[in-house]
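Chain A is the first sequence line, chain B the second, and so forth, proteins listed ahead of strands; every chain is numbered from 1.
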2 protein chains.
Amino acid sequence: MRRPTRDDVARLAGTSTAVVSYVINNGPRPVAPATRQRVLEAIERLGYRPDTVAQAMASQRTNLIGLIVPDARQPYFAELAHAVERAAFARDHLVLLGNSAYDDERQLHYVRAFLGMRVSGLLLIRQGAAEPLVEEVSGSRTRLVLLHHRTDLINTDAVVADDVTMGVLAVEHLLGHGHERVACFDAPAGTPRTGNPVALRTKGWRQALRDAGIDPERGLLHRAPFDRYGAARAARRVLSRPNRPTAIFCTTDDQAIGVLHAARELGLRVPDDLAVASCDDIAEAALHHPSLTTVATDREAMAEAAVDLVLQSRQASTPEIRRFPARLVTRESCGCPPASDL
Amino acid sequence: MRRPTRDDVARLAGTSTAVVSYVINNGPRPVAPATRQRVLEAIERLGYRPDTVAQAMASQRTNLIGLIVPDARQPYFAELAHAVERAAFARDHLVLLGNSAYDDERQLHYVRAFLGMRVSGLLLIRQGAAEPLVEEVSGSRTRLVLLHHRTDLINTDAVVADDVTMGVLAVEHLLGHGHERVACFDAPAGTPRTGNPVALRTKGWRQALRDAGIDPERGLLHRAPFDRYGAARAARRVLSRPNRPTAIFCTTDDQAIGVLHAARELGLRVPDDLAVASCDDIAEAALHHPSLTTVATDREAMAEAAVDLVLQSRQASTPEIRRFPARLVTRESCGCPPASDL
DNA sequence: ACCCGCGTAGACAACGAAGTCACCGCAGCC
DNA sequence: GGCTGCGGTGACTTCGTTGTCTACGCGGGT
């Protein structure tokens with residue numbers, strides 16, 4: 001009942017253990033076809049699988065990628081995590097998943113645990129400040145790539161979207177529908193803003209208004225929670241005021257869904273009484289009622305780039321930041337006719 | 001720049017390596033407080049972290065749980081995976097996540113890869129037949145627990161919901177609203193049905209109709225894809241027929257969301273022209289428009305039970321199946337007044 | 001002086017592979 | 001017949017721990 005080892009295979013195949021390793025790893029020495037065949041047959045008969053732990057021990061490498069997200073239940077992160085898993089699978093790596101739950105300590109716990117596992121790469125949608133994380137990782141040979149959040153000033157790679165443009169595209173489109181009071185739902189108060197994609201999207205909102213000759217006045221900028229219920233609560237407040245906006249730009253689809261819910265409760269029709277546009281293009285955006293106008297990014301491509309970066313054993317000379325373009329997807333919530341998505 | 005080892009700690013603390021291990025593992029031998037203190041300080045100063053790989057190598061145990069789901073993007077699985085991660089975290093274990101993508105081979109690949117990693121437990125929302133998986137795992141000391149799907153006849157543990165009752169609750173409620181033509185959206189054709197929760201929910205539909213003296217006629221049972229777009233396509237066909245149902249029971253919320261979308265396209269008002277109820281109670285169900293009446297299960301509790309089962313080193317005498325109760329959540333889609341969910 | 005036992009020291013064998021190295025047998029070649 | 005190169009051998013080290021085993025110092029009881 002003992003799990004077969006390399007020695008068992010060698011014995012059955014009538015070869016030495018070294019040859020078994022050569023066959024498995026295709027090298028570093030050539031093996032004659034006949035011998036290789038005998039070894040493969042022995043492996044097959046014993047149902048031998050090399051022990052990954054022992055391999056990691058000996059080779060000082062693992063086939064593990066650590067991925068830390070704030071909350072894998074949220075569609076955006078779930079889709080990103082899925083894309084990372086696909087990319088890792090294609091490169092014969094496994095994914096260790098941790099949820100930071102928007103908690104700095106928990107995030108640090110996972111970083112340490114993953115380093116302890118000797119992951120060959122660490123992918124992180126960071127929470128809080130970046131410095132402690134980078135410091136924790138420096139000194140290990142493990143590579144760290146930040147996903148989603150940019151980090152200038154910090155010596156680590158990142159894969160991000162062109163967040164400013166995302167805001168600009170969405171807001172320009174709302175302006176194109178004739179709106180002038182376009183509010184913005186930004187990140188909740190207290191969120192660190194350096195390199196934060198949400199802060200950049202808000203910057204895009206500001207920029208688009210200015211370019212249209214409109215003053216991005218303070219009364220239009222709202223700090224709202226990221227979760228749907230929190231966003232709905234915030235929206236109820238904003239929409240109940242006398243001088244309510246005629247359009248809202250949300251920095252995430254999740255917020256937008258909360259806003260739509262609040263609008264419905266208040267008897268406001270979307271898009272007639274209130275237009276909404278947001279960012280991310282999660283799967284739900286297309287099937288929501290009304291469907292969401294949003295700015296999409298190519299998550300698959302971003303995840304692949306991140307995995308490639310993290311597995312690439314290049315010397316870290318200067319941090320590499322890969323930025324991906326954004327694309328507006330018009331649907332009902334802004335006032336465009338519903339596309340036949342199906 | 002080399003990562004510090006236990007030897008470095010022992011040298012700095014002026015003790016032997018054994019004592020360092022005793023301190024870290026709290027045993028098996030006692031350590032005098034003063035010595036313990038010196039060791040802890042040395043660990044602190046060096047920033048020493050035990051190498052998890054080496055620990056696994058020597059102790060023949062890992063702190064890894066392998067979790068395989070069909071598609072972690074789908075809200076139901078995402079929520080389940082999140083709950084598993086939480087439970088694992090609380091028990092100081094890490095989660096390896098794999099998506100089987102509804103593909104038998106890929107699922108098997110992950111089972112093998114995770115066994116190769118010597119995970120201490122394997123949690124599986126299975127895809128396809130259970131036998132090959134159980135066979136693959138038997139022989140290793142790893143425990144396998146099936147989540148979501150029941151498997152009688154097979155020698156392995158499982159954590160499931162009371163799926164038949166889920167169907168009964170939803171359908172009885174629809175009948176209570178006065179509907180008589182209650183259709184059922186079942187799994188797509190070709191899905192294995194033994195122990196499949198969806199098949200059991202359909203059984204609940206049949207049972208509820210019979211109990212109400214209604215014939216669950218063939219024309220009311222529809223095989224529909226699980227994804228939203230596929231379900232929407234199926235719904236368009238069903239709802240365009242002359243003798244269309246006045247209510248639809250969907251075995252998953254995802255299907256229901258597709259049905260709602262199709263109804264809207266066809267100009268049918270929900271719940272007036274068509275009532276809908278489903279199962280799962282994903283987060284989205286509450287904020288959809290109209291909000292979804294659905295049958296909920298306690299995913300947190302199920303995930304915890306699954307993790308406990310998989311980590312429990314009990315001798316597998318007879319497979320343990322833990323079944324969790326279901327609870328109807330009434331919202332708009334069935335005709336009930338909208339609850340103030342927030 | 002002798003024994004006892006606690007707390008620790010120090011050594012060492014696992015664990016299962018990777019990788020290295022010296023060496024060997026054999027076929028083909030000039 | 002000696003040389004070369006290929007394919008293979010078998011033993012050994014390494015990786016960083018765990019866990020076990022023997023030995024030792026030292027204080028207290030007899």
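When the C1' atom of D:dG16 is taken as reference, atom CZ of A:Arg61 falls 17 Å away, rounded to whole Å. Look at CZ on A:Arg11: it is 16 Å from C1' on D:dT9, rounded to the nearest Å. Remark: C1' of D:dA11 and CG of A:Asp7 are 12 Å apart, rounded to the nearest angstrom.
Listed pair B:Arg38 / C:dT8 fails the phosphate criterion, with no side-chain N or O lying under 4.0 Å from OP1 or OP2.
Taking 4.0 Å as the cut-off between side-chain N and carboxylate O, A:Glu304 and A:Arg91 count as a salt-bridged pair. A salt bridge does not link B:Glu79 with A:Arg73: every distance from a Lys NZ or Arg NE/NH1/NH2 to an Asp or Glu carboxylate oxygen is 4.0 Å or more.
Within the 4.0 angstrom heavy-atom criterion, only backbone atoms of the sugar-phosphate kind lie near B:Gly14; the bases stay farther away.
Side chain of A:Thr156 to main chain of A:Leu144: a donor-acceptor pair is present (N/O by atom type, distance under 3.5 Å, no hydrogens or angles).
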* Can you check each nucleotide of nucleotides 11-16 of chain C against protein heavy atoms at under 4.0 Å and return B for base, S for sugar-phosphate only, - for none, in 5' to 3' order? => ----BB
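Proximity note for A:Tyr22 (side chain, C-beta onward) versus C:dT20, C:dA18, D:dC21: the nearest is C:dT20.
Remark on DNA chain D: of its neighbouring residues A:Thr15 and B:Pro4, the 5'-side contact belongs to A:Thr15, judged by nearest-heavy-atom nucleotide.
For the pairing with A:Arg11, the side-chain hydrogen bond (donor to acceptor under 3.5 Å, both in side chains) check across A:Thr15, A:Asp8, A:Asp7 returns one residue only, A:Asp8.
An angle of 60°, rounded to 10°, separates the two end axes of the helix from C:dA1-D:dT30 to C:dC30-D:dG1, each defined over five pairs.
Annotation: salt bridge (Lys or Arg N to Asp or Glu O under 4.0 Å) contacts of A:Arg38 (sequence neighbours excluded): none.
Judged by a 6.0 Å distance limit and a 45° cone about the ring axis, A:Arg6 is not positioned over the six-membered ring of A:Tyr48.
In A:Arg193, the CZ atom is crowded: over 12 heavy atoms of neighbouring residues, nucleotides or ligands sit closer than 6.0 Å.
A 4.5 Å side-chain heavy-atom check between A:Asp103 and A:His109 finds every atom pair outside the cut-off.
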